[in-house]
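Ligands are counted one by one from 1 in listed order, and the atoms in each one are counted from 1 as well.
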Amino acid sequence: MLQIGVIGAGVNGIASAIKILEHFKNVLKTPVQVTVLSEEFTPNTTGDGSAGLWGPYLLGGTPQSKVHQWSKGMHCFLQEIWLSEDAGEAGVCLLPCVRLTTATNTHVEDFWRDIVYGAVDLTPDQLAVYNKERTVKYTSGLSFITYTSEPRKLLPYLMKRFAREGGRVERRKVTDLEAFVRSSTFDVIVNCTGLGSEELLGDGQMYAVRGQVTRVKANWLYQAVLDESDVGNYIIPNTDTVVLGGTHQERDYNTQVCPQDKQFIINGCRQLVPGLANAQHLFDWVGLRPGRRQLRLEAERRGNKLLIHNYGHGGSGVTLAWGCADDVLQLLLSNLELKSKL
Ligand SMILES: Cc1cc2nc3c(=O)[nH]c(=O)nc-3n(C[C@H](O)[C@H](O)[C@H](O)COP(=O)(O)OP(=O)(O)OC[C@H]3O[C@@H](n4cnc5c(N)ncnc54)[C@H](O)[C@@H]3O)c2cc1C
């Protein structure tokens, strides 16, 4: 039986593990054992603090065509869940969104506008509403509808789905990848360690992109507002709470809550939606996004083993997870030697 080990239980590790397991079991009808090995599981992965809004963000120089393909894969997956009986459990919601920019020479970056629903540019009158109290004016905006899949719900749902199909989990930190590949019984190893790859592989292209957010109670809010400028804020409702953001500090590894960042977040978000002044503060959170010059999704041979890398998803790990998992599966299937083993 083919033995596959996935290192990392973040959204990309779990998505890759499920994708492989379900394909082998339900499409190829071939026995396979998939094991997820990870130092941390939900609720302690990077995605757990995020709002899980669909939207490509902070992806370095990753080619746009790949980002489009991967993010479309996730959008289709979210649509499937949304239309299924699992939507509530998986925390998948449809949400109206407004993205605003202050850039003078460009519109809101929207190479993905064909993926989301009902994308239209804001009219000057609509833009004026957001510009009322501002000195630096927004120059354009895009209104559309997309999904949130808050990882605090999505990850437990995916873990359950993985276990139901016979997937195994093991809490373990891999400290020496070469020794692990050589000595383990896995035929294929999928590396989804996110920022952990910086240490595990000595990958000098990796860097943390620190993100601090505040969660508040504001159950009357049903719209995401995102300021795309470098010093912009964002507001993203989840099912029970609303995420106010946020920072994106490159090469900052500080996981402590910073009071100045908190003030920036609260003041900026109140300017966008004044009603937040009366929202109940719940907690603050800091996470380190797995930044990389380019997302790494490729396979390499190590002896008679296949090692597939899937890490460096920056600020879009949730947005890309299912699409990237698709490519992980294709890399696995296209390996001729493995094909003959099926
Ligand atoms: C504030 C903030 C807001 C965000 N908002 C969004 C959003 O709205 N939408 C969106 O798409 N993305 C968002 N992101 C980005 C998203 O959270 C990340 O891109 C995503 O979580 C990365 O997932 P991952 O599975 O690749 O890595 P991780 O979630 O970091 O998982 C890595 C896993 O590998 C394990 N691991 C690491 N090293 C080892 C090792 N040596 N041995 C064993 N296990 C190991 C870890 O324990 C963990 O389980 C946000 C991030 C932040 C910080």
**Message:** Could you report the tightest heavy-atom contact between N12 and A321, atom names first, then the distance?
**Reply:** OD1-CA, 3.4 Å

**Asked** Between W54 and W112, how do the two ring planes meet: parallel, tilted or perpendicular, split at 30° and 60°?
**Response** perpendicular

**Item:** Side-chain heavy atoms of I189 within contact of R302, under 4.5 Å
**Value:** no

**Stacked cation flag R215 on F283, 6.0 angstrom / 45 deg** = no

**Asked** Between R99 and D110, does at least one N-O distance fall below 4.0 Å, as a salt bridge requires?
**Response** no

**Prompt:** Do Y57 and R289 touch side chain to side chain, with heavy atoms closer than 4.5 Å?
**Reply:** yes

**Prompt:** Considering only heavy atoms, which protein residues lie less than 4.0 Å from any atom of ligand 1?
**Reply:** I7, G8, A9, G10, V11, N12, S38, E39, E40, T45, T46, G47, S50, G52, L53, R172, K173, V174, C192, T193, G194, G196, G211, V213, Y234, W285, G287, R289, P290, H313, G314, G315, S316, G317, V318, T319

